[in-house]
Amino acid sequence: MEKRKQIYEGKAKKVYETDDPDLFIQEFKDDATAFDAKKRGTIQQKGVVNNKISNILFNMLESKGIKTHFVKQLDERNMLIKKVEIVPLEVTIRNIVAGGMAKLLALEEGITLGEPVFEYHYKKDSLHDPLINDYHARALKLANQEELEFIEKTSFIINDLLKSFFDKKGLILVDFKLEFGRYKGKILLADEISPDTCRLWDKETRKKLDKDRFRRDLGGIEDAYQEVLRRVTG
Ligand code: TMP
Ligand code: ASP
């Protein structure tokens, strides 16, 4: 499958048309941004690593019955995907307090939550992806009730599957972000699942092995991504 016209360039990926009207190719870049792209940088080999990790995680989820946009990995940086229409919601599930939740509610990072916290953020950079609820999502016609119910139910199942997968690899799934898309009347899991979109801590040392090393200038970012890749393939 070959790339045709580029139809979109995001902060971490480019999307291309293909000869098949139902399929796109997404290309993973090394570009990294944080805080609405106020902070910019490059994480060497990030695109290659995130493509591989996403490939493994989409395959794992598909094997457990989760429908995703993933078709196959084409090469180091390119993934063949179904041509979904992205639902403009960023879904976050949190198992441990960190990042945005720690800041919003003045909580200490690292507190294990009694139950996972599910959030919708409106996917709109100019508004800084604000936290919204299902009433906002319906009122703004971002998704209908049936879609929201499906997205919520599926996200909790994905949390359980990812948590136990990462646990076996010695990693704690602190929180993560998902995006969904519409494809032929169905909702599919879309985008990517990688250390860009998950907080992953080492189970023993609680060392951060994700994009927080870039956001917070902790150093060792390339090594952290390679370590996650080693663990998930091992
Ligand atoms: P947050 O604590 O900053 O809200 O982030 C929650 C999770 O979502 C975290 O695992 C990182 C991920 N995330 C993204 O994938 N994209 C984003 O733009 C942001 C802000 C967070
Ligand atoms: N990717 C997002 C941005 O550039 C934020 C993040 O992941 O922290 O704003």
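By convention here, the first residue in the shown sequence is residue 1. Whatever order the structure lists them in is the order used to number ligands and atoms, beginning at 1.
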For atom 11 (C) of ligand 1, is the nearest protein heavy atom closer than 4.0 Å?
yes
Protein heavy atom under 4.0 angstrom of atom 19 (C) of ligand 1, is there one?
no
Could you tell me the residue and atom name of the protein heavy atom closest to [atom], and the distance to it rounded to 0.1 Å?
atom: atom 14 (C) of ligand 1; answer: K177 CE, 3.5 Å
atom: atom 7 (C) of ligand 1; answer: D175 OD1, 3.6 Å
atom: atom 17 (C) of ligand 1; answer: E90 OE1, 4.1 Å
atom: atom 4 (O) of ligand 1; answer: R94 NH2, 2.8 Å
atom: atom 2 (C) of ligand 2; answer: K11 NZ, 3.8 Å
atom: atom 5 (O) of ligand 1; answer: R199 NH1, 3.5 Å
atom: atom 2 (O) of ligand 1; answer: G100 N, 2.6 Å

Short N-O contact, [X] and [Y], less than 4.0 angstrom:
X: D129; Y: K123; value: no
X: D191; Y: K177; value: yes
X: D196; Y: K13; value: no

Below 4.0 Å from ligand 1: does a non-hydrogen atom of K103 turn up there or not?
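Contact check K103 vs ligand 1: negative.
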N or O pair under 3.5 Å between T33 and ligand 2
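Indeed, backbone or side chain, T33 has an N or O that close.
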Hey, which atoms in ligand 1 end up nearer than 4.0 Å to a heavy atom of [X]?
X: F176; value: 10 (O)
X: G99; value: 2 (O)
X: D196; value: 15 (O)
X: C198; value: 10 (O)
X: T197; value: 10 (O), 12 (C), 15 (O)
X: T92; value: 6 (C)

Quick test of your reading: applying ring-ring contact (aromatic ring centres under 6.0 Å, His included), list the pairs with at least one residue in residues 122-174, sequence neighbours left out, ordered by first then second residue.
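Only F118-F156 qualify under ring-ring contact (aromatic ring centres under 6.0 Å, His included).
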Which atoms of ligand 2 sit under 4.0 Å from any heavy atom of [X]?
X: D36; result: 3 (C), 4 (O), 9 (O)
X: R215; result: 6 (C), 7 (O), 8 (O)
X: A37; result: 3 (C), 4 (O), 9 (O)
X: K211; result: 1 (N), 6 (C), 7 (O)

Taking the side chain as everything from C-beta on, heavy atoms only, tell me whether K3 gets closer than 4.5 Å to N78.
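When only atoms from C-beta onward are counted, N78 and K3 do touch, with a gap below 4.5 Å.
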Let me confirm one number: the CG-CD1 distance from L229 to I56, rounded to the nearest 0.5 Å.
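Rounded to the nearest 0.5 Å, the CG-CD1 separation comes to 6.0 Å.
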Roughly how far apart are L131 CG and H121 NE2, rounded to 0.5 Å?
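The distance works out to 5.0 Å.
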With clusters defined by side-chain heavy atoms of hydrophobic residues (ILVMFWY) lying less than 4.5 Å apart, directly or transitively, does L89 cluster with I157?
yes
Classify the contact between K211 and ligand 1 as side chain, backbone, both or neither, using a heavy-atom distance cut-off of under 4.0 Å.
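Neither; no heavy atom under 4.0 Å.
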Would you mind telling me if ligand 1 is within reach of the side chain of R215, the backbone, both or neither, using heavy atoms under 4.0 Å?
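Just the side chain.
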Result for side-chain contact (heavy atoms from CB on, under 4.5 Å) between H69 and one of L189, L23, I81, I86 points to I81
For the side chain of [X] and the backbone of [Y], is there at least one donor-acceptor N/O pair under 3.5 Å apart?
X: R213; Y: G219; answer: yes
X: K163; Y: V174; answer: no
X: K169; Y: G234; answer: yes

Looking only at heavy atoms, is any part of K38 under 4.0 Å from ligand 2, and if so is it the side chain, the backbone, or both, or is it neither?
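Neither; nothing of K38 gets under 4.0 Å from ligand 2.
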Please determine if M101 has a nitrogen or oxygen closer than 3.5 Å to a nitrogen or oxygen of ligand 1.
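Between M101 and ligand 1, no N or O pair is found under 3.5 Å apart.
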For a quick test of reading the model, state the closest non-hydrogen atom pair linking G47 to D30 and the distance between them.
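Heavy atoms of G47 and D30 come nearest at N-OD1, 2.8 Å.
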Tell me whether the NZ or CZ atom of K5 lies within the 45° cone about the ring axis of Y16 and under 6.0 Å from its centre.
no
